[in-house]
Visitor: 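Have a look at this one.
In the text below, chain A, chain B and the rest are named by the order of the sequence lines, each starting its count at 1.
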Amino acid sequence: MLWTHTFIPTLKETPEGAEIPSHVLMLRAGMISQVMAGAYTYLPLGLRALRKAEHIVRQEMDAAGAIELLMPAISPISLWERSGRVEAFGEVLIKFAVQRPGRKVHMALGPTHEEVITDLMAHRISSYRQLPVTLYQIQTKFRNEERPRFGVMRTSEFLMKDAYSFDATLESLNESYEKMYAAYCRIFERCALEYLPVEAESGPIGGDASHEFMIPAENGEDTVLHCRDCGYAANQERAEIGTRDCSRPDVPEQPLHKVATPGVSTIEQVSALLNIRPRDLIKTLIYEADGRPIAVLLRGDHEANEAKIRRAAAVGELTLAAPEVIEAVTGAAVGFAGPVGLAGKLPLYADHDVRAMVSAVTGANEADAHLTGVCPGRDFTADHFADLRNAEDGDPCPRCSSKLTQRYAIEGGHVFKLGTKYSEALGARFLDHAEQQQSIIMGCYGIGINRILAGLIETNHDAHGIIWPVSIAPYEVLLVPMKTGDEATMQAANRLYADLQAAGVDVLMDDRDARAGVKFNDADLIGIPLRIVIGPRGLKDGRLEVKWRWEREPSMLPVEGAAAAIAEWMHHERAGSARFRKARSIAAD
RNA sequence: CGGGGCGUGGCGCAGUCUGGCUAGCGCGUCUGACUGGGGGUCAGAAGGUCGGAGGUUCAAGUCCUCUCGCCCCGACCA
């Protein structure tokens with residue numbers, strides 16, 4: 001492709017509103033253009049990168065035995081009512097009605113396709129002989145994100161590969177799941193992405209039933225906990241905490257004392273007023289667990305983990321109690337609850353770390369007052385001790401004796417053993433060996449194609465621009481003739497351009513009549529992995545200049561045989577990104 | 001949904017607090033000349049409903065009211 005024939009509107013300055021590197025660089029490199037909050041046009045360069053990612057995903061899905069199909073973005077709202085997800089999704093589900101002669105048809109834009117595909121299988125699968133099967137599509141999804149942000153990372157319309165497995169038995173589901181898991185590893189590797197599969201909340205099947213494929217990145221929206229020694233990795237919602245030292249420090253207990261704290265209710269306010277650390281407080285949260293109030297006690301600097309609380313209390317539904325309920329239970333407004341005197345009124349669930357606290361500060365269960373010198377065991381007794389909080393950096397690993405490291409990450413993919421949730425709701429059953437009706441056991445597997453690009457740029461760029469690996473780069477080679485007016489230069493450039501194309505290399509030639517600085521700066525910005533400069537200077541000696549985007553200095557190559565040599569490099573780099581990986585790992589040190 | 005910020009030629013910004021003449025600057029664009037290996041120089045030119053509506057005033061980019069959009073933080077996220 002010739003630069004002057006395509007459309008690459010690069011930007012010299014950072015557009016207002018773009019903050020993180022991937023967003024800034026995709027805009028500046030002329031890959032995307034914003035249409036509205038959460039919706040972007042993919043310009044030619046961006047589309048090419050997107051297609052490359054899509055191609056890798058498709059190849060690996062096919063290789064793993066998944067079968068491609070394509071479902072519509074629109075579907076009848078009735079399907080979503082049957083699965084109960086109209087309520088579950090709420091405003092995130094984009095719903096609308098269209099007028100047909102004499103009636104209105106209600107529909108939704110698919111945020112995912114469990115309902116559509118399960119309905120399909122309900123009609124077309126009837127026997128165990130038709131199972132297992134895994135189907136996938138690469139399709140645009142719609143979610144009315146409450147807060148779209150970070151460029152293409154969180155948008156209301158995005159490209160997703162979603163796959164669904166259908167099995168007759170749990171063992172078979174596990175096999176389908178393993179195949180997808182392995183395919184995901186290959187996909188992220190081929191995209192040259194650093195990735196971390198982490199355990200995620202597993203829903204109805206429990207156990208090892210859900211993994212997220214995380215791309216560690218400073219600007220990631222998710223938090224993961226990772227043990228570098230044993231490899232344990234989980235998202236923050238899921239991460240367990242190893243055995244903690246809960247012994248009480250050998251300090252004298254203070255007497256219980258009530259202090260006036262008018263209008264001071266948050267952890268920050270109380271610790272500032274009393275000149276103590278947040279960790280010296282006991283945070284008392286009142287939840288409604290299946291409709292009954294319970295109290296959850298945490299150290300002041302810790303965060304509640306509702307999944308853990310739900311498990312510890314063995315309940316299904318868990319929500320923070322409404323202010324009226326809190327007042328009725330504790331006798332004080334929100335922000336002044338405390339465990340002292342609460343025992344017997346409702347169950348007290350305490351996090352393990354509370355056990356080690358001496359002379360803590362808590363709410364006094366009366367307006368505008370807190371208690372100091374509160375000692376667990378002496379002043380109140382918890383009914384249960386459990387792991388109830390989010391894991392944090394430095395917490396003990398649950399699998400070995402090491403410590404967990406906290407990292408931010410972008411969720412690039414998710415694999416999930418669904419079980420029979422949708423097949424039961426939508427009547428997708430089959431007849432087994434024993435002529436018994438069974439619900440099909442399902443799994444679902446998603447990859448955000450746009451996030452592959454955002455994740456790559458987020459983790460591979462420098463002050464000048466993007467650094468693409470060959471496998472995803474919009475073009476593999478950028479050919480830069482230094483002087484478009486010089487006949488010898490253009491002859492050599494055109495010939496190399498044709499030879500590279502003939503050798504199957506994706507080549508872009510910057511044939512603009514522009515100054516060297518302009519071309520070089522744009523080259524760095526759009527990040528094509530290999531830059532080839534042809535100019536009168538090198539041509540005198542029959543040589544041209546080659547430079548990988550991640551290298552500082554160029555090297556010279558004879559014009560004779562250059563096309564073949566470059567094609568060979570590309571062939572290797574496409575497959576394994578060996579040069580890219582090596583350069584990036586050196587840069588990381 | 002709560003908190004904060006921003007809307008001024010294609011892009012990035014100044015001007016708004018303290019109302020006042022033809023609304024500036026940089027980049028980009030166009031024409032011509034010189035130039036030609038990291039955003040070059042000179043000469044000339046085009047291009048703006050100051051997000052929108054209403055109001056105050058002799059006078060509004062600037063003050064008031066409403067409204068639309070965008071960004072960030074938080075809450076939320078099958």
Visitor: Starting from P on rG36(B), measure out to CD1 on Ile534(A) and report it in whole angstrom.
Guide: 21 Å
Visitor: Give a yes-or-no answer on whether the side chains of Tyr408(A) and Glu221(A) include a donor-acceptor pair shorter than 3.5 Å.
Guide: no
Visitor: Kindly say whether the aromatic ring centers of His23(A) and Tyr40(A) come within a distance under 6.0 Å.
Guide: yes
Visitor: Between Glu13(A) and Arg28(A), is there a side-chain N and carboxylate O pair less than 4.0 Å apart?
Guide: no
Visitor: For Met482(A) and rG36(B), give me the distance from atom CE to atom P, rounded to whole Å.
Guide: 12 Å
Visitor: Return a single string for nucleotides 69-78 of chain B, one symbol per nucleotide in 5' to 3' order, where B is base contact, S is sugar-phosphate-only contact and - is none, cutoff 4.0 angstrom on heavy atoms.
Guide: -SSSBBBBBB
Visitor: Between rG39(B) atom C1' and Arg28(A) atom CZ, what is the distance in whole Å?
Guide: 11 Å
Visitor: Are Arg451(A) and Glu458(A) ion-paired here, with the side-chain N under 4.0 Å from a carboxylate O?
Guide: no
Visitor: Does Arg82(A) come within less than 4.0 Å of Asp119(A), counting only side-chain N to carboxylate O?
Guide: yes
Visitor: Could you work out the separation of rU35(B) and rA45(B) based on their P atoms and round it to a whole Å?
Guide: 24 Å
Visitor: Which distance, rounded to the nearest 0.5 Å, do you find between the CD of Glu115(A) and the OG of Ser78(A)?
Guide: 10.5 Å
Visitor: For rG5(B) versus rU16(B), give the span between their C1' atoms, rounded off to a whole number of Å.
Guide: 16 Å
Visitor: Rounding to the closest angstrom, what is the interatomic distance between rU22(B) and rA60(B) at atom P?
Guide: 12 Å
Visitor: Separation of Phe520(A) atom CZ from rG38(B) atom P, in whole Å?
Guide: 7 Å
Visitor: Categorize Asp486(A) for me: base, sugar-phosphate, or nothing, with a 4.0 angstrom heavy-atom threshold over every strand shown.
Guide: nothing
Visitor: Sticking with atom C1', work out how far rG19(B) lies from rA59(B), rounded to a whole angstrom.
Guide: 8 Å
Visitor: Between the base of rG36(B) and the side chain of Asp513(A), is there a donor and acceptor pair under 3.5 angstrom?
Guide: yes
Visitor: Between rU8(B) and rG74(B), how many Å separate the two C1' atoms, rounded to a whole number?
Guide: 31 Å
Visitor: Taking atom C1' of rG38(B) as reference, at what distance in whole Å does atom CZ of Arg515(A) sit?
Guide: 10 Å
Visitor: Ring centroid separation for His211(A) and Tyr181(A), is it under 6.0 angstrom?
Guide: yes
Visitor: To the nearest Å, give me how far apart CG (Leu27(A)) and C1' (rG10(B)) are.
Guide: 15 Å
Visitor: Which value, in whole Å, describes the distance between the P atoms of nucleotides rG51(B) and rA46(B)?
Guide: 24 Å
Visitor: How far, in whole Å, is rA53(B) from rG61(B) if one measures between their P atoms?
Guide: 13 Å
Visitor: Could you provide the dot-bracket string of RNA chain B, using ( ) for intrastrand pairs, [ ] for crossing pairs and | for bases paired to another strand, with Watson-Crick or G-U pairs below 3.5 Å?
Guide: ((((((((.[[[[.)....(...]]]].((((((.....)))))).....[[[[[..)....]]]]])))))))....
Visitor: Using 30° and 60° as the class limits, which term best fits the ring planes of Tyr445(A) and Tyr177(A): parallel, tilted or perpendicular?
Guide: tilted
Visitor: Can a side-chain donor-acceptor contact be found between Gln406(A) and Asp393(A) if the only test is distance below 3.5 angstrom?
Guide: no
Visitor: For Val533(A), which contact category applies under a 4.0 Å heavy-atom criterion: base, sugar-phosphate, or nothing?
Guide: base
Visitor: Lys12(A) has a side chain; which of rG39(B), rG36(B), rG38(B) sits nearest to it?
Guide: rG39(B)
Visitor: Should Leu479(A) and Asp510(A) count as side-chain neighbours, where that means a heavy-atom distance under 4.5 Å?
Guide: no
Visitor: When the nearest nucleotide of RNA chain B is assigned to Thr484(A) and to Val518(A) on a heavy-atom basis, which residue is associated with the more 5' position?
Guide: Thr484(A)
Visitor: Heavy atoms only, 4.0 Å cut-off, all strands: where does Gly90(A) land among base, sugar-phosphate and nothing?
Guide: nothing
Visitor: Is it true that Lys141(A) and Asp162(A) have a side-chain N and a carboxylate O under 4.0 angstrom from each other?
Guide: yes
Visitor: Rounding to the closest angstrom, what is the interatomic distance between rG7(B) and rU62(B) at atom C1'?
Guide: 15 Å
Visitor: Check the distance between rG28(B)'s C1' and Leu11(A)'s CG and give it to me in whole angstrom.
Guide: 10 Å
